[in-house]
**Q** 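Handing you a structure now.
Below, chain A is the first sequence line, B the second, and so on; all start at residue 1.
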There are 2 protein chains.
Amino acid sequence: MSRQMVRPGGRSARVQAAVHTAVRELEAELGRDGLTVPLIAQRAEVTPSTIYRRWGDLAQLLSDVAVERLRPDTAPQDHGGLASDLTAWAEQFLDEMASPAGRAYIRDALLGDPDGSNAGQCSAYAADQVDVILTRAAGRGEDTPGVETVVDHVVAPLMYRILFRPAGLDAAHARGLVAGLLEGDAAEK
Amino acid sequence: MSRQMVRPGGRSARVQAAVHTAVRELEAELGRDGLTVPLIAQRAEVTPSTIYRRWGDLAQLLSDVAVERLRPDTAPQDHGGLASDLTAWAEQFLDEMASPAGRAYIRDALLGDPDGSNAGQCSAYAADQVDVILTRAAGRGEDTPGVETVVDHVVAPLMYRILFRPAGLDAAHARGLVAGLLEGDAAEK
DNA sequence: ACCTTAAAGCAAATTTCTAGCTTCTAGGGA
DNA sequence: TCCCTAGAAGCTAGAAATTTGCTTTAAGGT
């Protein structure tokens with residue numbers, strides 16, 4: 001996480017934690033649009049210039065916080081088979097990401113991310129989850145597609161619609177993507 | 001185009017044009033990061049408050065300009081067959097969108113877009129282009145997938161990688177996506 | 001214990017943003 | 001054609017934000 005690893009223990013770490021906490025608290029209290037750097041600084045008991053110097057601006061700070069919140073907190077559930085594992089995961093992914101909150105985090109993560117490292121992190125989270133599912137399936141002796149294939153055929157279409165076409169996204173579509181992937185070319189690559 | 005249609009002829013239109021032009025000129029001269037509302041206002045010979053009132057903030061103004069620049073200026077080339085038409089289009093799409101400039105426009109378009117209408121417009125541009133290709137192929141009697149299928153299998157994966165995984169994107173990948181789509185399930189839907 | 005130095009604090013200067021009020025002008029009606 | 005009206009644009013002062021130079025603090029190494 002780019003801007004995170006700064007003098008791991010000690011004052012810097014405390015400031016970072018205080019600022020992140022302040023962002024989350026204020027976001028809950030005032031909503032995404034009520035946030036300002038001076039406000040956050042005050043809540044975190046830090047001077048605004050500290051935030052400007054460490055994060056550059058509000059967008060980059062929010063991007064860092066958003067990535068944290070997009071990190072999956074649990075491993076994908078095991079339903080005993082590749083198809084059901086992937087389907088369940090895709091449905092849950094869609095659920096979390098397509099919610100107003102999820103979309104806000106995705107946008108924030110992309111937004112204040114000059115070098116693309118935060119976006120890359122988000123993508124890595126999804127790829128890791130998928131990898132867990134595929135590895136598990138392979139362990140069972142199932143024929144599995146590659147992670148890249150799943151990302152292209154399931155994750156990407158979902159994310160594209162979330163970002164570019166707010167309407168008409170439901171669990172059925174997610175299921176359809178997984179089904180299309182598995183029947184079409186499960187062994188590819 | 002959301003904020004564009006304001007008193008089509010007359011002063012408003014002139015102001016809008018002046019502001020958009022100013023954005024493009026200044027972006028060329030100073031780069032994306034040198035832009036500020038007061039600067040743009042000065043170049044456009046307009047008061048800053050006019051920009052704030054009409055667009056809200058810099059992000060929304062840039063979003064409008066970005067969408068304009070993402071509008072395709074020509075119909076997809078006709079290579080005589082669905083496979084080659086789609087392949088060529090995908091390669092060109094990737095080329096334009098994955099360039100630093102293209103990525104900046106996509107980001108800007110998504111960024112200052114509270115209601116998602118600009119993002120929807122971008123998506124519609126791509127869907128329209130694809131539709132032209134598919135309709136043309138159908139006219140030749142070819143078996144074609146639906147627009148949605150092409151969007152899910154080609155456009156979405158490309159866009160996802162452009163946004164989330166800056167590295168490792170090339171024309172070969174675009175070709176592979178099209179090939180996978182056409183051999184796997186050309187008649188689906 | 002003592003340096004070194006990255007990072008935080010402070011405060012002044014600058015810039016950007018907001019808001020209230022005035023002026024202009026395109027478009028419509030008499 | 002000549003008003004009238006309403007939606008924008010202009011102007012300005014005040015509030016809020018961002019930037020910047022300098023000082024102080026405290027981790028981490030010697």
Side-chain angles (χ1 to χ4, degrees), chain A residues 1-23 25-27 29-65 68 108 111-115 117, chain B residues 1-23 25-27 29-65 68 108 111-114:
Chain A
M1 228 144 313
S2 51
R3 285 168 287 277
Q4 228 99 274
M5 347 200 76
V6 193
R7 294 244 188 172
R11 185 161 65 157
S12 290
R14 279 198 305 279
V15 167
Q16 148 131 339
V19 169
H20 277 218
T21 300
V23 168
E25 288 179 4
L26 289 170
E27 185 173 357
E29 293 169 25
L30 309 175
R32 170 70 171 66
D33 296 337
L35 300 178
T36 71
V37 171
L39 234 187
I40 293 165
Q42 183 182 37
R43 173 68 60 104
E45 298 185 295
V46 148
T47 60
S49 59
T50 293
I51 293 181
Y52 288 119
R53 280 214 241 269
R54 281 228 358 216
W55 282 278
D57 60 16
L58 181 61
Q60 292 181 66
L61 169 56
L62 292 183
S63 180
D64 276 1
V65 174
E68 272 187 11
D108 283 344
L111 222 97
D113 187 24
D115 60 359
S117 60
Chain B
M1 232 145 308
S2 51
R3 286 168 286 276
Q4 227 99 272
M5 345 200 79
V6 194
R7 295 243 188 170
R11 185 163 62 157
S12 290
R14 280 198 305 280
V15 167
Q16 148 130 342
V19 170
H20 277 218
T21 301
V23 168
E25 289 179 4
L26 289 170
E27 185 173 357
E29 293 170 26
L30 311 175
R32 170 68 172 67
D33 296 336
L35 301 178
T36 71
V37 171
L39 233 187
I40 293 165
Q42 182 181 38
R43 172 68 61 103
E45 298 184 298
V46 148
T47 61
S49 58
T50 293
I51 294 181
Y52 289 120
R53 283 223 181 68
R54 285 231 351 223
W55 283 278
D57 60 15
L58 181 61
Q60 292 181 67
L61 169 55
L62 293 183
S63 180
D64 275 2
V65 174
E68 272 186 14
D108 283 344
L111 221 96
D113 188 24

**Q** Between A:R11 and D:dT25, does any side-chain N or O lie under 4.0 Å from OP1 or OP2?
**A** no

**Q** May I have the distance from A:W55 (atom CH2) to C:dA7 (atom C1'), rounded to whole angstrom?
**A** 11 Å

**Q** Once salt bridge (charged side-chain N to carboxylate O under 4.0 Å, His left out) is applied, do any residues pair with B:R32, and if so which ones, sequence neighbours excluded?
**A** B:D108

**Q** Under a 3.5 Å distance rule, please check whether A:D113 uses its side chain to pair with a backbone N or O of A:S117 as donor and acceptor.
**A**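 Indeed, once roles are kept as given, a pair shorter than 3.5 Å links the two residues.
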
**Q** Would you please confirm or rule out a distance under 4.0 Å between OP1 or OP2 of D:dT18 and any side-chain N or O of A:Y52?
**A**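 Yes, A:Y52 has a side-chain N/O under 4.0 Å of OP1/OP2 on D:dT18.
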
**Q** Who are the side-chain hydrogen bond (donor to acceptor under 3.5 Å, both in side chains) partners of A:T36, not counting sequence neighbours?
**A** none

**Q** Note down the inter-axis angle between the two ends of the helix from C:dA1-D:dT30 to C:dA30-D:dT1, five pairs each, to the nearest 10°.
**A**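 The end axes of the helix from C:dA1-D:dT30 to C:dA30-D:dT1 are about 40° apart, to the nearest 10°.
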
**Q** So, using side-chain contact (heavy atoms from CB on, under 4.5 Å) as the criterion, who are the partners of B:A17 when residues are at least two apart?
**A** none

**Q** Output all residues satisfying side-chain contact (heavy atoms from CB on, under 4.5 Å) with A:A18, sequence neighbours left out; order by chain, then residue number.
**A** A:A44

**Q** Kindly say if A:S12 contacts the phosphate of C:dA7, meaning a side-chain N or O under 4.0 Å from OP1 or OP2.
**A**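 The answer is no; no side-chain N or O of A:S12 sits under 4.0 Å from OP1 or OP2.
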
**Q** Give the intermediate values and the outcome of side-chain contact (heavy atoms from CB on, under 4.5 Å) for residues A:L62 and A:V23.
**A** CA-CA 8 Å; A:L62 292 183; A:V23 168; 3.8 Å; yes

**Q** Could you walk me through whether B:V37 and B:W55 pass side-chain contact (heavy atoms from CB on, under 4.5 Å), step by step?
**A** CA-CA 10 Å; B:V37 171; B:W55 283 278; over 6 Å; no

**Q** Output the rounded distance in Å from CD (B:E45) to C1' (D:dA9).
**A** 14 Å

**Q** Tell me the interatomic distance from A:R54, atom CZ, to D:dT20, atom P, rounded to whole angstroms.
**A** 19 Å

**Q** For DNA chain C, whose closest nucleotide is more 5', that of B:R14 or that of B:P48?
**A** B:P48

**Q** Before you tell me yes or no, could you show the steps for B:R54 and B:V15 under side-chain contact (heavy atoms from CB on, under 4.5 Å), namely the whole-Å CA-CA distance, both residues' side-chain angles and the distance that decides it to 0.1 Å?
**A** CA-CA 10 Å; B:R54 285 231 351 223; B:V15 167; 4.2 Å; yes

**Q** Under the side-chain contact (heavy atoms from CB on, under 4.5 Å) rule, collect the residues that match up with A:S49, sequence neighbours excluded.
**A**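 Once residues adjacent in sequence are excluded, the partners of A:S49 under the side-chain contact (heavy atoms from CB on, under 4.5 Å) criterion are A:T47.
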
**Q** Could you tell me the separation between the CD atom of A:Q42 and the P atom of D:dA17, rounded to a whole number of Å?
**A** 10 Å

**Q** Does anything in residues 32-40 of chain A reach DNA chain C, meaning a heavy atom under 4.0 Å, and if so which residues?
**A**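 Those residues: none at all.
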
**Q** Identify all pairs in which a protein N or O lies below 3.5 Å from an N or O of nucleotides 10-12 of chain C, and state each distance.
**A**
from, atom 1, to, atom 2, distance (Å)
C:dC10, N4, A:S49, OG, 3.0

**Q** Can you work out whether B:V46 or A:D57 has the more 5'-proximal nearest nucleotide on DNA chain D?
**A**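 Checking each residue's closest nucleotide, the 5'-ward one belongs to B:V46.
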
**Q** Under the side-chain hydrogen bond (donor to acceptor under 3.5 Å, both in side chains) rule, collect the residues that match up with B:Q42, sequence neighbours excluded.
**A** none

**Q** Measure from CG on B:L61 to P on C:dT16 and round the result to the nearest Å.
**A**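 Rounded to the whole Å, the gap is 15 Å.
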
**Q** Run the side-chain hydrogen bond (donor to acceptor under 3.5 Å, both in side chains) test against A:E45 and tell me which residues pass, sequence neighbours left out.
**A** none

